[in-house]
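Take a look at the structure below.
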Amino acid sequence: MARINLEKIKHSYSSAAEGVQEYALKEINAVWKDGGSYALLGPSGCGKTTLLNIISGLLAPSEGKILFDDKDVTHMSTSDRNIAQVFQFPVVYDTMTVFDNLAFPLRNRGFSEAEILPRVNEIAKMLELEDSLKKRAARLTADGKQKISLGRGLVRKDVSAIMFDEPLTVIDPHLKWKLRSKLKELHQRLGITMIYVTHDQTEALTFAEQVVVMHDGLVVQTGTPVELFEHPKHTFVGHFIGSPGMNILPAENVNGEIGFAGNSIKIASVKAPKNIEGKLEIGVRPEFIRFDNDNDPNSIPVEITKVSDLGRFRIVEVKHEKQLIKLISPEQDIIPSESPRIIFDADKTRLYADSWVVN
Ligand code: ATP
């Protein structure tokens, strides 16, 4: 197992990279602790696979260094880095039994059969494959085959890290949840550094201790699921995490008072905003907006345009002037039928300048 340091990693697929837009990775700096579980989360094209391939050694970065503990591995091969990988689609030998598939990475490294037997049995038990060990892999369903792939990634104790690249893509939706929880449990039991790439926030948030949010070739925030929800450092994180995501509203700074469409907005985390420059935006999650029942002077008049009832809560879409705002209204709250007004929770409302949070 290893601590992974990424130092000023940049990557361009074109050799004559001119200007920052040419870079698939613009500059990544990170320290991922030994034994931690990390998810690289971001939309298609943000650079997740490029970063994963650089860490595993399938790709050499155009600039920067990768250290495993204090050893520079930037130009080492995947096998010398001692990385196990699990890909989107199962990598199994159909003609071999499940047991032999799981034993393969150990036999390849010269482990004795006496060492292999208990380890394969242990991993098979964790993945609930113990009844299939004697079957040929070809006889398993796609889910079963992907479990074998997971098992082959997990079976070696001596790896620096295990990398998962969207490993649940081919898994049936109802089994996804089960396997995700299983992976989390396996991480806790085995304590191996795990890096999991996905564009699915539920997968990232349920699996990882630390979620690394990527956007346009950059890591915009690394944090626990709660940190990403409550303190998004970048508007992209606010919008991408959450369902629905954070409302991002145009803001103005009038002599140190933050306003939205002429309404004064209280933001507890920003004390003296006189000198703030750049494009200003207010971020507030739908969970932290409510209808005003007390004629609060800071409330904003709105028009209700849509109510979606999801059982325990409703997602209400309202408009102030032309701006659409979403709020989550708990089942027991009354949605006003006349002259509705909304109010933002000042403690949970954030100010952003050029997309980055102002503290
Ligand atoms: P996805 O989830 O779709 O796999 P991703 O977040 O993993 O996306 P990457 O595959 O790392 O993103 O791609 C990052 C950028 O680099 C994209 O603009 C992509 O088009 C570009 N890219 C990726 N691979 C290559 C390649 N082999 N040659 C040229 N450009 C590439």
Side-chain angles (χ1 to χ4, degrees), residues 4-30 32 37-66 73-75 77-78 81 83-91 142 146 149-150 153 161-171 173 176 179-180 183 193-208 210-223 225 228 232-243 245 355:
I4 298 174
N5 272 36
L6 305 175
E7 291 184 0
K8 297 187 176 172
I9 296 286
K10 291 188 186 183
H11 190 70
S12 171
Y13 285 98
S14 57
S15 53
E18 284 173 16
V20 79
Q21 286 306 325
E22 293 277 339
Y23 282 85
L25 295 179
K26 289 175 185 160
E27 181 168 316
I28 309 277
N29 291 290
W32 296 340
S37 63
Y38 295 86
L40 303 187
L41 173 68
S44 183
C46 71
K48 304 178 296 292
T49 304
T50 304
L51 186 57
L52 196 72
N53 289 344
I54 285 174
I55 297 168
S56 63
L58 295 174
L59 194 64
S62 311
E63 293 176 38
K65 272 202 278 189
I66 307 141
V73 299
T74 317
H75 298 288
S77 70
T78 304
R81 288 184 198 197
I83 292 269
Q85 283 185 278
V86 180
F87 300 97
Q88 252 183 10
F89 298 100
V91 180
Q146 190 59 337
S149 280
L150 291 173
I162 309 178
M163 323 274 271
F164 300 91
D165 193 356
E166 309 245 9
L168 303 182
T169 308
V170 295
I171 305 290
K176 265 191 185 173
L179 270 186
R180 234 173 18 227
L183 267 183
T193 311
M194 291 189 183
I195 299 165
Y196 187 109
V197 165
T198 180
H199 62 268
D200 179 331
Q201 59 162 309
T202 314
E203 269 179 35
L205 299 173
T206 45
F207 168 74
Q210 292 281 316
V211 179
V212 180
V213 184
M214 292 186 68
H215 170 56
D216 200 14
L218 286 172
V219 170
V220 282
Q221 186 168 1
T222 301
L228 299 178
K233 284 191 181 160
H234 192 278
T235 49
F236 177 79
V237 179
H239 185 71
F240 194 69
I241 305 264
S243 183
S355 305

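Counting starts at 1 for both ligands and their atoms, following the listed order. These figures come from a predicted structure and were not determined experimentally.
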Handout entry: Nearest-0.5 Å distance that lies between atom CD in Glu63 and atom NZ in Lys8
Key = 10.0 Å
Practice task
Assess whether side chain to side chain donor-acceptor pair (under 3.5 Å) is satisfied between Thr222 and Tyr38, documenting all intermediate values.
Solution key: CA-CA 9 Å; Thr222 301; Tyr38 295 86; over 6 Å; no
Problem - Min N/O separation Ala24 to ligand 1 under 3.5 Å - result: no
Handout entry: Shortest protein contact, atom 12 (O) of ligand 1 (heavy atom only)
Key = Gly47 N, 3.2 Å
Completion exercise
closest protein heavy atom to atom 6 (O) of ligand 1 is Lys48 NZ, 2.9 Å
Fill in the blank from the handout: CE of Met163 to CG of Leu58, rounded to nearest 0.5 Å, is 8.5 Å
Problem - Nearest-0.5 Å distance, CD1 of residue Ile162 to CD of residue Gln85 - result: 11.0 Å
Practice task
Number the atoms of ligand 1 from 1 as they appear, then name those within less than 4.0 Å of a heavy atom of Pro43, with their elements.
Solution key: 6 (O)
Exercise for the section: Return yes when at least one protein heavy atom is under 4.0 Å from atom 3 (O) of ligand 1, and no when none is. Expected result: yes
Exercise for the section: Quick one: pull up CZ in Arg81 and CD1 in Ile66 and give me the separation to the nearest 0.5 Å. Expected result: 4.5 Å
Practice task
Verify the contact flag for atom 23 (C) of ligand 1, where contact means a protein heavy atom under 4.0 Å away.
Solution key: yes
Practice task
For Ser149, check side-chain hydrogen bond (donor to acceptor under 3.5 Å, both in side chains) against everything at least two apart and list the hits.
Solution key: Gln146
Practice task
Measure the distances from the heavy atoms of Gly42 to every atom of ligand 1 and state whether one is below 4.0 angstrom.
Solution key: no
Fill in the blank from the handout: for atom 14 (C) of ligand 1, nearest protein heavy atom and its distance come out as Gly45 O, 3.4 Å
Problem - salt bridge (charged side-chain N to carboxylate O under 4.0 Å, His left out) between Lys26 and Asp216, intermediate numbers included - result: CA-CA 8 Å; Lys26 289 175 185 160; Asp216 200 14; 3.1 Å; yes
Exercise for the section: Could you find the nearest protein heavy atom to atom 1 (P) of ligand 1 and give me its residue, atom name and distance? Expected result: Ser44 OG, 3.7 Å
Handout entry: From Tyr196, Phe87, Phe89, residue fulfilling side-chain contact (heavy atoms from CB on, under 4.5 Å) relative to Pro167
Key = Tyr196
Fill in the blank from the handout: When distances are taken from atom 9 (P) of ligand 1, the protein heavy atom at minimum range is Thr50 OG1, 3.6 Å
Fill in the blank from the handout: Closest to atom 10 (O) of ligand 1 among protein heavy atoms sits Thr49 CB, 3.8 Å
